[in-house]
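This report refers to the structure that appears directly beneath it.
Note: hydrogens, waters and symmetry copies are ignored here, and every other heavy atom, side chains too, is used.
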Amino acid sequence: MNMNRKTFLENLSLLAGASLLASPTVASALGGKKSKMKLGMVTYLWGKDWDVPTLIQNCTTAGIGGAELRVEHAHGVMPNLSAAERQEVKKRFADSPVKLVGLGTNQQYDYPDQEQLRKSIERTKEFIRLSADVGGSGVKVKPNQLHKGVPVEKTLEQIGRSLDELAKYAADFGQQLRLEVHGNETQELPNIKTIMDHAPNRNATVCWNSNKQDLNGKGLEYNFNLVKNRLGDTCHVREFNDPNYPFQQLMDLLAGADYKGWVLLECHTNPPDKIASLIEQRQLFEKMVK
């Protein structure tokens, strides 16, 4: 009984300490638990000119834990890599503290031309196999737009059905399919929800993209709730000190949804010292999710 009482008091003390240390935002949303979100980067602009060794070195220096590699950039991680080259990429990341989160592609499924659509689907399968070979966990794709003369519902259904097919294929390779909230009109969250309704396979997921359109209609929380049950392992953000987007609110919403995935910096500015800027963004992230 004495041991039980002692254990009880120790646990009570720990809970009291946690309540004092926890922030009133994220920690409260998690019931006092520390967020399991992880910070990484997308090599869209920052990192687009870095080869794999440089990317790993710079992320390590800045304390950035993961990277989504934008294809067709200087890293050269493309389907034309040989088996030996794929193994070399995988080994470089495995031997470092930086996680290869996946590949960011420009593949899209809105084409009215069905031959073009099929080519994009097959190309996506090449990237899925590549991501599996280099140690990634998923592939990012796009919706990407609506077309004049084509009913909106038809395009959204076509995108969703394509995602469903690819999600099943990706699952066989241990990969997640991630639809970026992107494109003129298709980035509206009600449209993304409709797309996902046509992709029932749960391996088809949403990659939040921190667009200004997230604030449209009934606002950020309403739009977030439309897709929160389909969020994948990646979420794209801009610079956290951008005053035009409520990033603290987004972090709180992610925390409230018990999000455990990667928050990936997809920065759009061009600072002279990107490593210093990555460090600054990491520090801002740590304050928001502490």
Gap between atom [atom2] of [Y] and atom [atom1] of [X] - 0.5 Å precision:
X    : Y    : atom1 : atom2 : answer
L39  : F240 : CG    : CZ    : 5.5 Å
M288 : M37  : CE    : CE    : 9.0 Å
E239 : L278 : CD    : CG    : 10.0 Å
T43  : H75  : OG1   : NE2   : 2.5 Å
H73  : W50  : NE2   : CH2   : 13.0 Å
K212 : D242 : NZ    : CG    : 11.5 Å

Do you see a donor-acceptor pair shorter than 3.5 Å between the side chains of [X] and [Y]?
X    : Y    : result
N203 : N201 : no
Y111 : R118 : no
Y169 : T124 : no
E126 : Q107 : no

* Might you work through the salt bridge (charged side-chain N to carboxylate O under 4.0 Å, His left out) test for K168 and D172, ending with a clear yes or no? => CA-CA 7 Å; K168 295 172 186 175; D172 289 338; over 6 Å; no
Ignoring hydrogens and geometry, is there a side-chain-to-backbone donor-acceptor pair from [X] to [Y] under 3.5 Å?
X    : Y    : result
S120 : Q108 : yes
R230 : M196 : yes
T105 : K140 : yes
Y222 : L215 : no
Y44  : L265 : no
S137 : V101 : yes
N225 : E221 : yes

* Asked: Applying side-chain hydrogen bond (donor to acceptor under 3.5 Å, both in side chains), which residue pairs with at least one partner in residues 53-62 are found, sequence neighbours left out?
  ->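 Of all non-adjacent pairs touching residues 53-62, those that pass side-chain hydrogen bond (donor to acceptor under 3.5 Å, both in side chains) are D51-T54.
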Can you confirm whether [X] is buried at [atom1], in the sense that more than 12 heavy atoms of other residues, nucleotides or ligands lie under 6.0 Å from that atom?
X    : atom1 : answer
K125 : NZ    : yes
R161 : CZ    : no
E115 : CD    : no

Show the nearest heavy-atom pair for residues [X] and [Y], with the distance to one decimal.
X    : Y    : result
G66  : W262 : N-CZ3, 3.4 Å
G102 : S131 : CA-OG, 4.2 Å
V98  : C59  : CG2-CB, 3.7 Å
P79  : R86  : O-NH2, 2.7 Å
I159 : N144 : CD1-N, 4.3 Å
N106 : E72  : ND2-OE1, 3.8 Å

* Trace of the side-chain contact (heavy atoms from CB on, under 4.5 Å) decision for K99 with K38 -> CA-CA 11 Å; K99 174 74 174 177; K38 304 172 289 288; over 6 Å; no
Side-chain contact test, heavy atoms from C-beta onward, threshold under 4.5 Å: evaluate it for [X] versus [Y] and give yes or no.
X    : Y    : answer
H268 : E266 : yes
V134 : E85  : no
L177 : V141 : yes
Q158 : L117 : yes
L254 : L231 : yes
V71  : V77  : no
Q145 : E185 : no
Q176 : C207 : no

* Asked: For Q187, which of V181, D214, N216 qualifies under side chain to side chain contact (heavy atoms under 4.5 Å, CB included)?
  ->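 Testing Q187 for a side chain to side chain contact (heavy atoms under 4.5 Å, CB included) against V181, D214, N216 leaves exactly one candidate, V181.
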* **Test log, rule side-chain contact (heavy atoms from CB on, under 4.5 Å), inputs L250 and W208** => CA-CA 10 Å; L250 175 62; W208 191 266; 3.6 Å; yes
Hydrophobic cluster identity match, [X] and [Y], side-chain contacts under 4.5 Å:
X   : Y    : value
L45 : I275 : no
I56 : I279 : no
L81 : F173 : yes

* To do: Apply the test side-chain contact (heavy atoms from CB on, under 4.5 Å) to residues V237 and Y245: give CA-CA distance (whole Å), side-chain angles for both, the deciding distance (0.1 Å), then the verdict.
  => CA-CA 10 Å; V237 296; Y245 195 94; over 6 Å; no
* Report the C-alpha distance between K274 and N270 in whole Å, list the side-chain angles of each, state the deciding distance to 0.1 Å, and finish with yes or no for side-chain hydrogen bond (donor to acceptor under 3.5 Å, both in side chains). => CA-CA 8 Å; K274 292 183 175 60; N270 188 27; 2.9 Å; yes
* Given T269 and W46, is the side-chain contact (heavy atoms from CB on, under 4.5 Å) satisfied, shown in steps? -> CA-CA 8 Å; T269 55; W46 295 12; 3.4 Å; yes
* To do: Please test R282 against E286 for salt bridge (charged side-chain N to carboxylate O under 4.0 Å, His left out), starting from the C-alpha separation and ending with a verdict.
  => CA-CA 6 Å; R282 174 177 56 77; E286 290 167 351; 3.1 Å; yes
Which donor-acceptor pairs under 3.5 Å do the side chains of residues 147-156 make with protein atoms, sequence neighbours left out?
from, atom 1, to, atom 2, distance (Å)
H147, NE2, D110, O, 3.3
H147, NE2, D110, OD2, 2.6
E153, OE2, H198, NE2, 2.8

* side-chain contact (heavy atoms from CB on, under 4.5 Å) against Q87, all qualifying residues, sequence neighbours excluded ->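 So Q87 forms a side-chain contact (heavy atoms from CB on, under 4.5 Å) with K90.
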* Asked: Salt-bridged, D197 to K193, with N to O below 4.0 Å?
  ->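 Yes, this pair counts.
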